[in-house]
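This is a predicted model, so every value here is computed, not measured.
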Amino acid sequence: MSIFYLLLVALIQGLTEFLPVSSSGHLILLPQLTGMQDQGLTIDVAVHVGTLGAVILFFWADVKTGFAGIPRMLTGRIDTDGSKLAFLLLVATVPVIVIGLVVKITGLSDAMRSMTVIGWTMLIFGLVLYWFDKRGAATKVASDWNRRDAITLGLWQAIAIIPGTSRSGITITGARALGYTREDSAKISMLMSIPTIMASGILLGLDVAGEANYDMMKYAALGAAFAFVAALLALTLMMRLLRSVSFAPYVYYRVILGIILLGIAYS
């Protein structure tokens with residue numbers, strides 16, 4: 001793998017992980033559209049670690065609160081901000097883990113990695129995001145997040161197992177459908193990404209355990225670093241833009257890309 005291609009993978013992962021445009025879809029499409037070799041699971045794990053570091057740093061105050069509340073949550077005491085956040089994130093993560101394992105065991109994950117699937121999910125879920133972003137109320141904030149909403153958003157998040165859906169996009173859509181403001185929908189979605197990326201990284205890491213060599217680890221470290229920087233920039237930009245604009249620009253991008261991919265797939 002060339003350094004250029006490694007950096008391209010890292011930048012795509014970093015820039016698209018937290019934007020509602022599907023990082024997995026872009027990474028699947030990259031070798032298909034360029035004819036280059038797939039980057040492999042080791043690099044996938046590395047760039048996921050990079051984006052995980054970025055979201056933890058960006059939301060460090062909330063992350064610190066959540067981690068501090070884990071001991072109380074484990075003893076069944078959901079009576080502080082930290083234990084509540086830790087509990088809600090756990091609840092919201094269960095559906096995607098369960099369904100993700102089923103999809104992986106049955107081999108459906110490989111069957112869904114096609115340009116046709118990604119084209120349709122880009123288009124359909126882009127329009128769904130547009131609908132709820134325009135029609136949804138904006139009366140709830142992150143502090144209103146409760147168990148029922150966590151279960152609901154967990155089910156929304158599980159849909160993102162289909163490539164091209166976008167984990168951040170579908171959870172933001174779900175939060176807007178529940179009446180959360182744009183900024184707080186994005187914040188909840190980003191916090192939900194932390195345990196989800198951790199779980200995904202562990203699963204991918206088990207697949208490549210023992211296969212990585214010294215040279216591959218150097219590539220992985222470089223990929224993780226670039227993904228971290230790109231993800232931090234994307235997060236900062238999106239959260240600032242949401243103070244004044246809607247999710248429409250991302251929707252337009254998804255719809256255009258979806259139509260192009262479907263045109264290629266059916267040609």
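- In terms of the salt bridge (charged side-chain N to carboxylate O under 4.0 Å, His left out) criterion, D81 has no residue partners (sequence neighbours excluded).
- Clustering of Ile, Leu, Val, Met, Phe, Trp and Tyr by side-chain heavy atoms under 4.5 Å joins V98 with V94.
- Here the CE atom belonging to M122 is positioned 5.0 Å from the CG atom belonging to L257, to the nearest 0.5 angstrom.
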Next item on the list: I would like to know whether R182 and F247 meet side chain to side chain contact (heavy atoms under 4.5 Å, CB included); could you show each step before the answer?
Entry: CA-CA 8 Å; R182 289 191 178 109; F247 290 105; 3.9 Å; yes
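- In this structure, R167 contributes its side chain and P20 its backbone to no donor-acceptor pair below 3.5 Å.
- Side-chain contact between P95 and Q157: absent, with no pair of heavy atoms (C-beta onward) separated by less than 4.5 Å.
- Counting heavy-atom neighbours within 6.0 Å of R77 CZ, excluding the residue itself, gives a total above 12.
- Applying the salt bridge (charged side-chain N to carboxylate O under 4.0 Å, His left out) definition to pairs two or more places apart or across chains, none involves residues 4-13.
- Sorted by first and then second residue, the salt bridge (charged side-chain N to carboxylate O under 4.0 Å, His left out) pairs involving residues 191-204 (not counting sequence neighbours) form an empty list.
- With sequence neighbours excluded, no residue satisfies side chain to side chain contact (heavy atoms under 4.5 Å, CB included) with A221.
- For residues 253-267, no residue pair satisfies the salt bridge (charged side-chain N to carboxylate O under 4.0 Å, His left out) rule, not counting sequence neighbours.
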Next item on the list: Could you please spell out the steps behind the side chain to side chain contact (heavy atoms under 4.5 Å, CB included) verdict for W145 and L153?
Entry: CA-CA 10 Å; W145 201 29; L153 289 181; 3.7 Å; yes
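- To the nearest 0.5 Å, atom CG of residue L89 and atom CE of residue M198 are 10.5 Å apart.
- The side-chain heavy atoms of D133 and V251, taken from C-beta on, include no pair separated by under 4.5 Å.
- The distance from the CD1 atom of I56 to the CG atom of L232 is 12.0 Å, given to the nearest 0.5 Å.
- With sequence neighbours left out, the side chain to side chain contact (heavy atoms under 4.5 Å, CB included) criterion links R135 to W131.
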Note to self: Apply side-chain hydrogen bond (donor to acceptor under 3.5 Å, both in side chains) to residues T80 and S83 and explain how you reach the verdict.
What the structure shows: CA-CA 5 Å; T80 65; S83 59; 2.9 Å; yes
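- Pairs of residues two or more places apart, or lying in two chains, that qualify as salt bridge (charged side-chain N to carboxylate O under 4.0 Å, His left out) and include a residue from residues 149-160 are K140-D149.
- With a 6.0 Å radius and a threshold of 12 heavy atoms from other residues, nucleotides or ligands, Y250 has its OH atom above the threshold.
- When each of T173, I159, L123 is paired with V128, the side-chain contact (heavy atoms from CB on, under 4.5 Å) condition holds for T173 and for no other.
- Looking at I172 and Y180, their side chains never come closer than 4.5 Å, going by heavy atoms from C-beta outward.
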In residues 21-30, what donor-acceptor pairs under 3.5 Å come from side-chain atoms, sequence neighbours left out?
residue : atom : partner : partner atom : Å
S22     : OG   : G25     : N            : 3.0
S22     : OG   : G164    : N            : 3.3
S23     : OG   : E17     : OE1          : 3.1
H26     : ND1  : V21     : O            : 3.4
H26     : ND1  : S22     : O            : 2.6
H26     : NE2  : Y253    : OH           : 2.7

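- For residues 50-67, the set of pairs meeting the side-chain hydrogen bond (donor to acceptor under 3.5 Å, both in side chains) definition, not counting sequence neighbours, comprises D62-K187.
- Legend: residues meeting side chain to side chain contact (heavy atoms under 4.5 Å, CB included) with K134, ordered by chain and number and at least two apart, are Y130, S246.
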Next item on the list: Give the C-alpha distance, both sets of side-chain angles, the deciding distance and a yes or no for side chain to side chain contact (heavy atoms under 4.5 Å, CB included) between K84 and M73.
Entry: CA-CA 7 Å; K84 177 186 175 184; M73 179 198 70; over 6 Å; no
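- Put simply, the side chain of S267 gets close to the backbone of I264: a donor and an acceptor are under 3.5 Å apart.
- The distance from atom CZ of F59 to atom OG of S193, rounded to the nearest 0.5 Å, is 8.0 Å.
- In this structure, L15 stands alone, with no Ile, Leu, Val, Met, Phe, Trp or Tyr side-chain heavy atom under 4.5 Å from its own, directly or through other members.
- Contact annotation: the side chain of I78 never approaches that of L88 to less than 4.5 Å [non-hydrogen atoms, C-beta and beyond].
- Taking CZ from F18 and CG from L233, the interatomic distance works out to 12.5 Å, rounded to the nearest 0.5 Å.
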